[in-house]
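The structure displayed is predicted, hence computed values, not measured ones. So that the names make sense, note that chain A is the first sequence line, chain B the second, and so on, each numbered from 1.
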Protein chains: 2
Amino acid sequence: MSETAPRPTLEAVAARAGVSRATVSRVVNGGDGVREPLVERVRQAVDELGYVPNQAARSLVTRRHDAVAVIIAEPETRVFADPFFALQLRGISKELTAHDNQLVLLLTEGRDDHARVARYLAGGHVDGALVFSLHLDDPLPGLIQGAGVPTVFGGRPGWSDGTPDVVYVDSDNRGGAREAVRLLAGLGRTRIAHISGPLDQTSAADRLDGYRQVVGDTGPLLVVESDFTPGGGERAMRELLDRCPDVDAVFAANDLTASGVLRVLRERGRRVPEDVAVVGFDDMLPVAEQTDPPLTTVRQDIEEMGRIMARLLLRRLDRRGDDGEPGGGVVLPTTLVRRASA
Amino acid sequence: MSETAPRPTLEAVAARAGVSRATVSRVVNGGDGVREPLVERVRQAVDELGYVPNQAARSLVTRRHDAVAVIIAEPETRVFADPFFALQLRGISKELTAHDNQLVLLLTEGRDDHARVARYLAGGHVDGALVFSLHLDDPLPGLIQGAGVPTVFGGRPGWSDGTPDVVYVDSDNRGGAREAVRLLAGLGRTRIAHISGPLDQTSAADRLDGYRQVVGDTGPLLVVESDFTPGGGERAMRELLDRCPDVDAVFAANDLTASGVLRVLRERGRRVPEDVAVVGFDDMLPVAEQTDPPLTTVRQDIEEMGRIMARLLLRRLDRRGDDGEPGGGVVLPTTLVRRASA
DNA sequence: GCGGACGGCGAGAGCGCTCTCATGTGACCC
DNA sequence: GGGTCACATGAGAGCGCTCTCGCCGTCCGC
């Protein structure tokens, strides 16, 4: 088992097929400009020897790695509490795989890791990077931009306004929030509250913004900041009920928060949706479908987001040198999913 | 930005420091056998030029990549429904990072991907592999063993009995299950049921086994097979109640299943734990703490599992050629976490 | 004070591949 | 039928690194 047989080289294949290394290389890389009988002979030699190109040697000369780093900052916070990143990863993985690219996963925690990541990127091990950074003040994105590696961000970076050449993919958080709140208003609710996520994350800020845009005109603004977790949702809801007992609708910043909200409402004997209507955000299936009552929520296609991020990056990589790439964000639409809670 | 400055090479550093390439190489790789003043001069040149070694060139000659593949088979099934893999990934990532290894993530779906993964591994892009394969009949593990890449499995592979040189890390599913059921028996319950996971997964099979070992002596075996999901738990619990209305305890194969179980019990007006005691498995915090009532469950340290897998693999890689490695499994203990449901 | 051992350093080969460029071969045109 | 061109193929350089080897200077032992 540890007797790893020496892997065949281009040379070996060439010898077996009776051609030159160059020809084998051509065949292996698509076979353009090689006549059919030769192609066939080379293919056969490749099969017989079980030849697989040595990526290191190839990278050395092409300066291409066909690998992309996926950088997820501060996993502890949130990543692993909900399937959000997992779904994105799946989307990314599918797209990368379809284009024969590898996915190098970098999870970072804290400042020490930043230097490591920066070094890694600067080291030119990967052709590009997909970056998830949740917090406004995260220095990581800056470091990455500095490393000169083509990058696509997941979620609108907070500082993206100043730097126009930033490429990102995000859900239409504002629009989704507006839709959610409009639904509640359309149901005749007049005291619509919002339990937000941590406002140093753009997704939370944008959802709050959407809420404001709709409610600002018609009713009182009732906002409690929370943290995207069920426990946080509970705490926020209790506070909200104490402060404002006559609330008749809640737009929660995400489904996890909404699940906490529902629990508190049940505990306090408020009927949902009769007394208080509740809308979530994400449409995270295991959560939204399992709440009692099932949750009306704003769906975002997370896997698709991942896929698009990867696609954008790969396209950018193909066009290396063209620059002239406009940059900017891609904002994906959300859809309202009506269940029983509103 | 697309004006990527040509990265400095060893040669450049050597020139600047006034030494040979070989000496720079020595310094960069630890500096053994180089006298202090020279080391200093080289270090300085490295810093000034911002030199980072070209990994491709290095790999080409060392045949080391300092990269490990993490292969997760069939993500759709389960991976992303619960934070299980995410936690393992975190553990793996930490350990790999600590040893300057990269994590290449390969998610596979269906048979076509198997060939791709096999090719990738055979291609020698990575030094080793960590493999999660849930199902007994999955051909992937075989392919991987065949590729001759050092591998550690997550969870006991179903076929591991025949092949002694398989290395894996698993939780003590049997022992944990025994402990759970003993608790229930200790509470005086006499009609203890088990809602299992899919029995083509060893974790599910082992938990069932543990249940059998304890209940077999004292009470009737009441088993319904399910699928590790809340919905599956609901269905199984309904079936169980119909078939055996006097059940007074349920050991669910995991927390997600248990959450479904609790929902059905509430719906049918059975009090937990008074009428029916419930124990889960995993201690998945967002689930176990949020159920009503909070779930008594068997905790496994999933992140630690990941960390140990990585550690085992790295150790194996260091010892390359030594063989004589015994192989076999590492089984991590579980602990019972008492909450309100039993 | 001289021979040998030893340790620091440089020269150079070569890892496996791609890619340019030269060369060879056949088709095609007048 | 000879010249031309297009295109298929081979020869060879070189990507950036590691590592062996040999040289040379230093230090020790006798």
**Student:** Figure out the CG/C1' separation between A:Asn29 and C:dG16, and round it to whole Å.
**Tutor:**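 Distance check: A:Asn29 CG to C:dG16 C1' gives 13 Å.
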
**Student:** Between B:Ala22 and B:Leu60, who's closer to the 5' end of DNA chain C by nearest nucleotide?
**Tutor:** B:Ala22

**Student:** Take the protein atom CZ of B:Arg26 and the nucleotide atom P of D:dT18, then report the distance between them rounded to whole Å.
**Tutor:** 11 Å

**Student:** I want to check one thing: is the phosphate of C:dG8, taken as OP1 and OP2, less than 4.0 Å away from some side-chain N or O of B:Arg35?
**Tutor:**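 B:Arg35 to C:dG8 OP1/OP2: no side-chain N or O under 4.0 Å.
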
**Student:** Starting at atom NE2 of A:His65, determine the distance to atom P of C:dG16, rounded to an integer number of angstrom.
**Tutor:**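 So the two atoms are 18 Å apart, to the nearest Å.
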
**Student:** Quick one: is B:Thr62 getting a side-chain N or O under 4.0 Å of the D:dT18 phosphate, OP1 or OP2?
**Tutor:** no

**Student:** To the nearest 0.5 angstrom, please state how far the OG1 atom of A:Thr151 sits from the CZ atom of A:Arg316.
**Tutor:** 7.0 Å

**Student:** Quick check: on DNA chain C, is the nucleotide nearest B:Thr23 upstream (toward 5') of the one nearest A:Gln55, or the reverse? Name the residue that is more 5'.
**Tutor:**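 Nearer the 5' end of the strand: B:Thr23.
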
**Student:** Check the phosphate of C:dG10 against B:Ser20, side-chain N and O only, distance under 4.0 Å to OP1 or OP2. Yes or no?
**Tutor:** yes

**Student:** Check B:Arg315 with B:Asp318, please: is the shortest side-chain N to carboxylate O separation under 4.0 Å?
**Tutor:** no

**Student:** Could you tell me the separation between the CG atom of B:Asp66 and the C1' atom of D:dC17, rounded to a whole number of Å?
**Tutor:**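 Atom-to-atom, B:Asp66 to D:dC17, this comes out as 14 Å.
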
**Student:** CG of B:Asn54 versus C1' of D:dG16: gap in Å, rounded?
**Tutor:** 6 Å

**Student:** Identify the two heavy atoms, one from A:Ala129 and one from A:Ile71, that lie closest to each other, and give their separation to 0.1 Å.
**Tutor:** CB-CD1, 4.2 Å

**Student:** Just how far, in rounded Å, is P of C:dC9 from CD of B:Glu36?
**Tutor:**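 After rounding, the gap between these two atoms is 11 Å.
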
**Student:** Go through the N and O atoms of the side chain of B:Arg21 and the base of D:dT18, and report whether any donor-acceptor pair is under 3.5 Å.
**Tutor:** yes

**Student:** Ignoring hydrogens and angles, answer whether the base of D:dG16 and the side-chain atoms of A:Arg63 contain a donor-acceptor pair closer than 3.5 Å.
**Tutor:** no

**Student:** Would you mind reading off the distance between A:Arg7 atom CZ and C:dG16 atom C1', rounded to a whole angstrom?
**Tutor:**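 After rounding, the gap between these two atoms is 10 Å.
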
**Student:** Would you call A:Arg307 and A:Glu304 a salt bridge, using N to O less than 4.0 angstrom?
**Tutor:** yes

**Student:** Roughly how many Å is it from CG in B:Leu10 to P in C:dG12, rounded to a whole number?
**Tutor:**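 In whole Å, C:dG12 P and B:Leu10 CG are 17 Å from each other.
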
**Student:** Among B:Phe153, B:Tyr168, B:Phe132, which residue satisfies the side chain to side chain contact (heavy atoms under 4.5 Å, CB included) criterion with B:Met309?
**Tutor:**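 For B:Met309, the side chain to side chain contact (heavy atoms under 4.5 Å, CB included) check succeeds only for B:Phe132.
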
